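This is a predicted model, so every value here is computed, not measured.
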Amino acid sequence: MPPARDTPPPAGRAAPVTWQVAVPVPLPRLFDYAPLAGAPPTVPVGCRVRVAFGTSGERIGVVVGSAPMPADADTLKPVAALLDHAPLLHGELLDSLRWLARYSHAPLGEVLATALPGPLRHGEPLPDTRRWGWRLTRAGATALGGMRAGRPRQLAEALQAATVDEATLAAHHEGWRAALRSLDGRGLVERVGLEAVTAVDLSAGTAGPTPNDEQQVAIDAIADAGDGFAPMLLDGVTGSGKTEVYLRAIADCLARGRQALVLVPEIGLTPQTLARFRERLGIPVHALHSGLSDGERVRTWTACLRGQARVVVGTRSAVFLPLPEAGLIVVDEEHDGSFKQLDGIRYHARDFALVRGKALGVPVVLGSATPSLESLHNAITGRYAHLRLSRRAGHARPPRVRVVDIRKRPLQAGLSPALLADLQQVLDAGGQALVFKNRRGYAPVLLCHDCGWAAHCTRCSTPERGTPMTVHGGGRRLQCHHCGARRPVPNACPDCGGLALQPQGAGTERIEEALAGRFPDLPVLRIDRGTTQRRDALEQALAGFGDAPGILVGTQMLAKGHDLPNLTRVAVVGIDEGLFSADFRAPEKLAQLLIQVAGRAGRAEKPGEVLLQTHHPDHPLLSTLLSGGYPAFAAEELEHREAAGFPPFAHLALMRAEARQLDVAHAFLRDAREALAGLAGDALELSGPLPAPMPRRAGFQRAQLLLSCTTRGPLHAALDAALPAIRALPDARRVRWSLDVDPVDLY
Ligand code: ADP
Ligand code: ZN
Ligand code: ZN
């Protein structure tokens, strides 16, 4: 019988193969190269290589497989360099990333490049991630008795018993670097490389509060899941002790010799959070977020790969960390929009965390006070375990919510007399208040009172639909929040020449101005993207705000983060636009935001109160939320979604196209529609091409085609079948187009 084709040839005479390389270019295929000259016969899957690409360029790619050497082998270029001795992306991680490439219909090379930290993507070697420690030399031990009191002596005493690693020194010894330098200069201490911590010693951690019954049920459920994939929704009101549950589950995971990954939203990763994790666990906790340098990011990535990092708390991209000894994945505030990447590879970190958890065989805990309707639906239908924490932990009471009807009331910068009087009371009593308005800048519109002209962005407006520019700088500057365009406020109306230009409405800047005028003796601190460009600026500003009476004004940046124990009042203003948005997710986002902001009030043992200022006190969303809380809202909203055929009862993909000319974008999407039509029978619904909800941005006309299907299978099958033809359309080169599977925003 002739040998089957894939039977390996006898050892020593391996049939020649190519190395298949995933190269980060927008082409959905792999590229074959001849192996590196002199390389061993095994194909280095998961290692990076440098390869010639195109007419003169070079790229860094990842070897992902091999193929039989073709007949015209001499036309293949050889790999120029092999950059790794051991694979960076292999096993589970490579498999999961292959899944992501298929699911997002993106080139594997681009997906792999997205998963790697910058320096590795650019071909740099893996960094040194050894931990370093210090110990006394023999001379140091001898000298210790005669040393003067002071920091160097204290430090020498600390090093007397055992070698101490640098992270511990930094955490427990103020001024340790200077003291060490002084000891080192005299030859009394030496630096030593330490073994990786794999056997974790949790004895340095602190115990934390005794879990209540509901917490214990959740902790046990996670522990029972142990060594298998188990998706769980930890559905617990703000302050109910979800973080305590995570900490117990993580400690358990560490004790079993496993790694734990915790994903948090961009603004949830505060120094306070990290300090809490470090203190409770008593071992190094690595952080990964956009505020770190490339060097820091690649060190954390590598420390994970080597099993040296045991606990990582990170934002969206941390979902790509290698976890060779994974034991647990937590996604905190799983409903948060920042888990979705909005450009490039459009992945959702929560969803990808579930994919990885399944492949790794570990529990994945999704936590939120306001779960996404997708996750809630999965919990209700039994696909996820539903763990509930229904009460605030300790003695904290839930905040009371009061609706302030502002119809026909005079407003000052959007604030009603009732609200101002209430703030006065809170401040008089020594409390702190937060005024929440989800609109930064001074005013959302600049209007001519004489002729009705409004300042629109010339790059983002169409004749039918103007995009107003936001007034900034106390009324002197105009800025477009969509494309970033800026210009000064004109002296006179460009249309009628009149001088009656007036800012309309109020953003956080104007509210700050009004409150500072009204309460001149108290601090009024504004927190929004304008005041906190740097990531620790928010933290510092809040820490500086302290506990004394004062008012915070801000956007949703204030919805979480730094705990403010003395904050007893939250006033929510200007939510009315959100009640009437066309976006099918708008009610969900608004309800989540309201609950999250309200959760800021009275977190400590002081009762909190929330004032909700609105022109629509009888709006069903508000009354449901007020009478039944988030669960009642979610139940109703899920019914609406089902009736309207929206997620989680349908699966969407959005094809977007932008071009200077609208008809080019439309023509492309029309051809794309034709390529897709009929591929999935009636199962696949196509709507469009339609103008995008924002039909022009930064000078580009924007259109979109929405794909909708009650099950995932036919949607993906149709895309798989049609995309080669769509990519080959002549117009595909004339438009900027993208495909977003499971879009969060239909914008
Ligand atoms: P969440 O993550 O749900 O917002 P946290 O875990 O941060 O809640 O807990 C809120 C507060 O309650 C924290 O100060 C925490 O230390 C405290 N806490 C949590 N669980 C308990 C408990 N079982 N007993 C007493 N206090 C608790
Ligand atoms: Zn005018
Ligand atoms: Zn603009």
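- With sequence neighbours left out, the side chain to side chain donor-acceptor pair (under 3.5 Å) criterion links T273 to T270.
- Checked against side-chain contact (heavy atoms from CB on, under 4.5 Å), R486 has the following partners two or more places apart in sequence or in another chain: R477, Q479.
- Considering all non-hydrogen atoms of both residues, S104 and V741 come closest at CA-CG2, 4.3 Å.
- Listed by chain and number, the residues in a side-chain contact (heavy atoms from CB on, under 4.5 Å) with D663 are Q661 (sequence neighbours excluded).
- A side-chain donor from one of E334 and S372 sits under 3.5 Å from a side-chain acceptor of the other.
- With salt bridges taken as basic N to acidic carboxylate O contacts below 4.0 Å, one links R712 and D742.
- Judged as a side chain to side chain donor-acceptor pair (under 3.5 Å), and not counting sequence neighbours, the contacts of E512 are R526.
- No option in H456, R487, H481, H482 other than R487 meets the side chain to side chain contact (heavy atoms under 4.5 Å, CB included) test with M469.
- Between D294 and R297 there is no salt bridge, since no side-chain N of the basic residue sits under 4.0 Å from a carboxylate O of the acidic one.
- Listed by chain and number, the residues in a ring pair (Phe, Tyr, Trp, His ring centres under 6.0 Å) with H377 are F649 (sequence neighbours excluded).
- Remark: F339 engages no residue in a ring pair (Phe, Tyr, Trp, His ring centres under 6.0 Å) (not counting sequence neighbours).
- H449 NE2: 12 or fewer foreign heavy atoms inside a 6.0 Å radius.
- In this structure the side chain of V404 never reaches within 4.5 angstrom of the side chain of T614, judged on heavy atoms.
- For F668, the ring pair (Phe, Tyr, Trp, His ring centres under 6.0 Å) partners two or more places apart in sequence, or in a different chain, are W737.
- Residues passing the side-chain contact (heavy atoms from CB on, under 4.5 Å) test with F700, sequence neighbours excluded: E658, R660, R736.
- A search for side-chain contact (heavy atoms from CB on, under 4.5 Å) contacts involving T462 returns E464, R465, P695, R696, Q701, not counting sequence neighbours.
- Evaluation of the ring pair (Phe, Tyr, Trp, His ring centres under 6.0 Å) rule for F436 yields no partner, not counting sequence neighbours.
- Scanning both residues, Q412 and A514, for their nearest heavy atoms gives NE2-CB, 4.2 Å.
- At a threshold of 4.5 Å between non-hydrogen side-chain atoms, the residues F545 and L567 do not count as touching.
- The side chain to side chain donor-acceptor pair (under 3.5 Å) search around K340 returns D740, not counting sequence neighbours.
- By the side chain to side chain donor-acceptor pair (under 3.5 Å) test, N438 pairs with no residue at all, sequence neighbours left out.
- Using a 4.5 Å cut-off on side-chain heavy atoms (C-beta onward), I595 and F633 make no contact.
- Between the side chain of R350 and the main chain of H335, no donor-acceptor pair closer than 3.5 Å is present.
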